[in-house]
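To keep things clear, I will list the structure first and then write my remarks on it.
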Amino acid sequence: MEYKGYSSYRQDLLDGTTSVVRVVEELLARIDQQSDLNCFLEVFAPDARARATVIDKKIERGNAGKLAGMVIALKDNLCYQDHKLSASSKILEGFQSLFSATAVQRLLDEDAILIGRTNCDEFAMGSSNEFSAFGPVLNPLDKTRVPGGSSGGSAAAVAAGLCHVALGSDTGGSIRQPASFTGTWGLKPTYGRVSRHGLIAYASSFDQIGPFTQNAEDAARVMEVISGSDAFDSTCSEREVQVFSDEYLDYDRSKPKRFAVLDSVLQHPGLQKEVRETYAQLIDGLREKGHQVDTVEFPYLDELVPIYYLLTTAEASSNLARFDGVHYGYRAEDTQELEEIHKRSRTEGFGPEVKRRIMMGTFVLSAGYYDAYYGKAQKARRMVRDHTEKLLENYDFLLTPTSPHEAFPIGRESSDPTVMYLEDIFTVLANITGLPALSIPFGRGASGLPLGMQLTTSAWQEGNLLGMAEQFKELRDVPKT
Ligand code: GLN
């Protein structure tokens, strides 16, 4: 049965037109048929089946939770109690989680079904899912292409209809860029909106958990459940969580909104022609609807990727120090001395991209270079944040493409880190500033693959992002200018 969003599915469950057991079986069969995509590192089949039976009973009794029967996949950096977890790395070989991430627990408490853990770039470092210790994920829309990264397995699983929703994590674009490459919706919440407890840390001051969905409604519903204060994460905000599923529906789209288009993004030489045209089409469409769209100065575009990589590698070098061959997972064989255990386990356990980042991060934090790199990047981060927040005093949204192009062929960028790092040019701003941003499927690239357009707004306004994005549907057929 085709999935048309959670409310209609829930209605079907209540009417008895379908059951959670049936849906879970269908999805398990589909996951099996499409195993060549390499989306899942593990499918929680027995678990999912057992829970489906229980949840069907709850639905019958009328006491089922808010997400009853929604089938959700988890990126392999989110803890689920008594289940394996690897961050797609060899270094966590054999590791099982002792507790569930707060976001995961909240999904369970609302009767969602967790169907499996999805492949990703090792420790969420990458933009193509090619840096996984368990092989690349194929884009279900064109199997010769990447699904984006780092949450590539989550994006591909939603796009291929192997689950209803998936959770990912976004440190510099890892939800939004794969969403744009697979024609799905991807939301990076405001920093502090969703607890990071139980998310394997990459760069703690950037990381956020968020959903991949097939529509705005499901993103709103999932956000409503996973957001909100948590005693286990002191950076998680205590502010009340809005009812996003009402907020996005009630959002007044007929009232003219103000959009800022960044001049440096418009002029970016790397923009694929089709992306530029689609972007222009969207801008025209918004104007026709009565919205105000202004091109504004944004002088920092070229600085964003360096700021991001200096700060995130620094944080990563510290966060990943705990994987030492003693505390978790993999330990090199035939090692005696402690230093040898650390050295050899890390040498054998980490892949090349993770090693590169640990070394870069250690370098930028080292005594002689700290001020020149880390200290300077911190100051630049503050400048960019102040500038962006100022912009948003006069505008409701920033509008950019999510990525400069559509999904690229497997192997094209993986040998050159500087090329791969430029993938993140439009997405890192939201993480540098902590602001919420959404990638919305809109338009097609040169090979006919989906593109994503990105809306960014002021902190805590995720409902407005989803509400506004709903109007993009009406703009899809605006003729080219
Ligand atoms: N592509 C970016 C990186 O490699 C973003 C990753 C992420 O958001 N986790 O760091």
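Ligands are counted one by one from 1 in listed order, and the atoms in each one are counted from 1 as well. Remember, predicted model here, so these are calculated numbers, not experimental data.
Of all atoms in ligand 1, numbered sequentially from 1 with element shown, those under 4.0 Å from a heavy atom of D424 are 1 (N), 2 (C), 3 (C). Near D170, with a cut-off below 4.0 Å to any heavy atom, the atoms of ligand 1 are 8 (O). Below 4.0 Å from some heavy atom of A124 lie the following atoms of ligand 1, by number and element: 6 (C), 7 (C), 9 (N). Set against the non-hydrogen atoms of S150, the atoms of ligand 1 under 4.0 Å away are 9 (N).
A distance below 6.0 Å separates the ring centres of H83 and F44. If you look at Y374 and Y369, their ring centroids are not closer than 6.0 Å.
For the pair S169 and ligand 1, the shortest N or O to N or O distance does not fall below 3.5 Å. Remark: ligand 1 and G126 share an N or O pair separated by less than 3.5 Å (distance only, no angle test).
Between K273 and E277 there is a salt bridge, since a side-chain N of the basic residue sits under 4.0 Å from a carboxylate O of the acidic one. Using a cut-off of 4.0 Å between Lys/Arg side-chain N and Asp/Glu carboxylate O, D76 and R117 are scored as salt-bridged.
At least one heavy atom of R357 sits less than 4.0 Å from an atom of ligand 1.
Residue contacts with ligand 1 for Y421 are absent, since no atom lies close enough (heavy atoms, distance under 4.0 Å).
We find the CZ-CZ distance between F442 and F472 to be 7.0 Å, quoted to the nearest 0.5 Å.
Protein heavy atom in closest approach to atom 1 (N) of ligand 1: S127 OG, 2.7 Å.
With hydrogens and angles left out, the side-chain atoms of Y248 and R221 include no donor and acceptor closer than 3.5 Å.
Closest to atom 9 (N) of ligand 1 by heavy atom, among S128, S174, P417, G172, is S174. Counting only non-hydrogen atoms, the option in Y308, F123, F131, F206 that gets closest to atom 10 (O) of ligand 1 is Y308.
For the residue pair A446 and Q272, the shortest heavy atom distance occurs at CB-NE2, 3.7 Å.
With hydrogens and angles disregarded, no donor-acceptor distance shorter than 3.5 Å links the side chain of S132 to the backbone of N129.
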